[in-house]
Amino acid sequence: MAKALFRAPTGTRDILAPESARRRRLVSVFADLAERSGFGQLESPVFEDIGVFQRLGAASEIVTKELFEFFDKGDPPRHLALRPELTASVCRAFAEHRPTVPWKIWYSGSQFRYERPQAGRYRQFEQVGVETLGTDDPHADVEVIGLGMRFYEALGLKQVRLLVNSLGDADSRPAYDAALAAYLQGRRGELSEQSRVTLERNPLRVLDSKRDQDQPVIAAAPLMVDFLSGASAEHFATVRDGLDRLGAAYEISPRLVRGLDYYTRTTFEFAADALDTAQNAVGGGGRYDALVEELGGPPTPGIGFALGVDRILLACDAEGAFAAAPTPVDVFVVDVAGGASAVVLCDRLRQAGFGVDRAFDGRSMKAQMKRADRSGATVAVIVGPDEQAEGTATVRDLRPGGGQNRVTQHDLVPAVAKLLEGTTS
RNA sequence: GUGGCCGUAGCUCAGUCGGUUAGAGCGCCGGGUUGUGGUCCCGGAGGUCGGGGGUUCGACUCCCCUCGGUCACCCCA
């Protein structure tokens with residue numbers, strides 16, 4: 001047995017059928033939902049000028065150490081990076097094209113982060129998402145969050161929890177940051193070594209720590225909700241009211257921070273309780289009211305989310321939802337008279353709209369019938385020397401107790417259609 | 001980037017205290033008389049035991065390195 005010379009790079013993988021079809025269906029469910037909600041698709045490049053992502057914030061690990069970056073062959077070379085997320089690309093596209101607002105888009109695609117892989121975490125991973133730019137109406141927040149919620153429902157997931165928080169705006173955030181930093185500095189000695197480093201860089205992120213040692217300090221930390229400006233508090237209240245009107249079950253999670261530095265006001269996360277791994281966030285997002293401007297566009301508020309396809313599928317596995325299923329063909333053509341007839345009959349049946357497969361390499365009838373059975377086909381079309389000589393084909397019903405009869409090749413399509421009546425294909 | 005665990009057929013796994021030609025199930029291929037699948041029976045192919053080095057008379061087994069996987073921290077989808 002020859003040994004494979006190469007394998008998929010660390011953190012990447014091949015997705016074979018039927019899992020690949022399942023992913024395609026998932027994206028299709030999302031696309032339908034988004035388009036029915038007035039979102040149009042944006043396809044943006046897989047790589048961008050590295051500056052697009054560096055605007056995400058110097059304190060984000062995503063841009064400080066997780067970027068796949070490279071130079072192209074330009075003169076001078078361009079400094080580029082594979083996208084680690086899509087919101088920045090969306091904002092760049094907005095600043096570049098200046099579409100009329102509100103601009104509502106959805107996307108799906110691969111993203112890349114250089115991290116150590118683990119359960120639900122890959123270096124190349126796929127997300128679907130939506131973004132609404134050009135309005136800071138809290139009802140836009142509700143529409144976006146509600147869309148995420150309905151998507152999980154559409155997949156059949158039951159154990160997805162919605163967590164919401166507000167990080168405040170430019171009027172409320174500085175006071176909170178100062179209060180939090182002061183508090184954490186005061187209890188610095190109780191924090192883990194890593195949290196002390198985080199504290200210098202971005203105090204808010206200390207709230208994200210999962211280390212046991214930090215929990216007592218975090219539990220007593222000042223809360224953003226107590227620092228919200230009037231406008232921010234009102235925005236948050238309207239979002240919550242809207243979620244209530246949708247019948248959404250959600251939890252206020254006052255320490256929900258999220259990793260991207262650009263978030264303002266509303267932030268939220270979808271946690272899959274069926275996943276007992278550390279990576280149980282199957283989606284997350286929030287409002288980013290300054291990002292477009294950061295990227296050279298006009299001041300433009302935005303709200304959106306990204307949902308992790310890989311993790312959602314893991315959650316589906318855990319809940320037994322949205323199962324992968326092989327896509328069977330309708331007809332299997334068995335040709336034991338040289339195989340030339342199968343070439344023509346397959347083509348004719350496919351043109352008639354049926355799913356059709358066949359065997360190669362001149363295998364025995366028994367072997368080909370076995371293939372036919374395993375293909376999941378309902379009907380086998382058999383051509384042996386007799387049929388070939390008289391221009392006919394044997395049409396066999398592969399279902400238990402099914403019979404067979406011989407028809408002229410001219411009548412093949414209607415004969416197959418008759419047998420397949422009532423089956424879904 | 002740091003740490004724990006794990007690498008034996010395509011897949012899931014056995015493999016004794018270090019001892020002869022490394023096994024099973026599933027899958028795959030072929031056969032069970034004249035052209036017919038599923039169940040059953042028989043047979044076959046397929047592994048330099050992740051790679052390299054070391055200890056030993058002898059290594060799948062013990063040690064080191066390396067690569068890969070996995071889980072956790074970190075980070076986040």
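Each chain gets a letter, A, B and so on, in the order the sequences are listed, and its residues count up from 1. Given the structure is predicted, the values throughout are model-derived calculations rather than measurements.
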- Task: Measure from the side-chain heavy atoms of A:Arg371 and tell me the nearest of B:rA77, B:rG37, B:rC29.
- Result: B:rC29
- Proximity to the side chain of A:Arg363 - top-ranked nucleotide from B:rG38, B:rG30, B:rG35: B:rG30
- Residue-phosphate contact under 4.0 Å: A:Arg374 side-chain N/O, B:rC28 OP1/OP2: yes
- Message: Under 4.0 Å, counting only non-hydrogen atoms across every strand here, what does A:Ala367 touch: a base, just sugar-phosphate, or nothing?
- Response: sugar-phosphate
- Would you classify A:Gly11 as touching base, sugar-phosphate or nothing, given that sugar-phosphate means primed atoms plus P, OP1 and OP2, and contacts are heavy atoms under 4.0 Å? sugar-phosphate
- Which part of the nucleic acid, if any, lies within contact of A:Tyr122, taking any heavy atom under 4.0 Å across all strands shown: a base, the sugar-phosphate backbone alone, or nothing? base
- Message: For the CD atom on A:Glu200, are there more than 12 heavy atoms of other groups (residues, nucleotides or ligands in this structure) within a distance under 6.0 Å?
- Response: yes
- Task: Find the runs of at least 3 consecutive base pairs, i with j, i+1 with j-1 and so on, that include RNA chain B, using Watson-Crick or G-U wobble geometry with both distances under 3.5 Å.
- Result: B:1-7 with B:67-73, B:10-13 with B:23-26, B:28-32 with B:40-44, B:50-54 with B:62-66
- Can A:Arg211 and A:Ser195 be counted as having a side-chain donor-acceptor contact under 3.5 angstrom? yes
- Query: Between A:Ala377 and A:Lys366, which is nearer to the 5' end of RNA chain B once each is assigned its nearest nucleotide?
  - Reply: A:Lys366
- Is NZ or CZ of A:Arg92 both nearer than 6.0 Å to the six-membered ring centre of A:Phe94 and within 45° of the ring axis? no
- Note on the structure: Side-chain contact check for A:Gln279: nearest option of B:rG68, B:rC74, B:rU36 is B:rC74
- Report yes if a side-chain nitrogen or oxygen of A:Gln118 is closer than 4.0 Å to either non-bridging phosphate oxygen (OP1 or OP2) of B:rA72; otherwise report no. yes
- Query: Hey, is the main chain of A:Gln388 close enough, under 3.5 Å, to the side chain of A:Thr392 for a donor-acceptor pair?
  - Reply: no
- Query: If you measure from the Lys or Arg side-chain nitrogens to the Asp or Glu carboxylate oxygens, is any gap between A:Lys158 and A:Glu153 under 4.0 Å?
  - Reply: no
- Message: Can you tell me whether the side chain of A:Arg121 and the base of B:rC75 have a donor-acceptor pair closer than 3.5 Å?
- Response: yes
- Task: Would you mind classifying the nucleic acid contact of A:Gln404 as base, sugar-phosphate or nothing, using non-hydrogen atoms under 4.0 angstrom?
- Result: base
- Query: Distance check: side-chain N/O of A:Thr394 vs OP1/OP2 of B:rG35, anything under 4.0 Å?
  - Reply: no
- side-chain hydrogen bond (donor to acceptor under 3.5 Å, both in side chains) contacts in which one or both residues fall within residues 350-364 of chain A, not counting sequence neighbours: A:Asp347-A:Gln351
- Message: Given B:rC67, B:rG69, B:rA77, identify the nucleotide with an atom nearest to the side chain of A:Arg7.
- Response: B:rC67
- Item | Side-chain N or O of A:Arg116 closer than 4.0 Å to phosphate OP1/OP2 of B:rC73 | no
- Note on the structure: Among the nucleotides B:rA77, B:rG35, B:rG69, whichever has the atom closest to the side chain of A:Ala281 is B:rA77
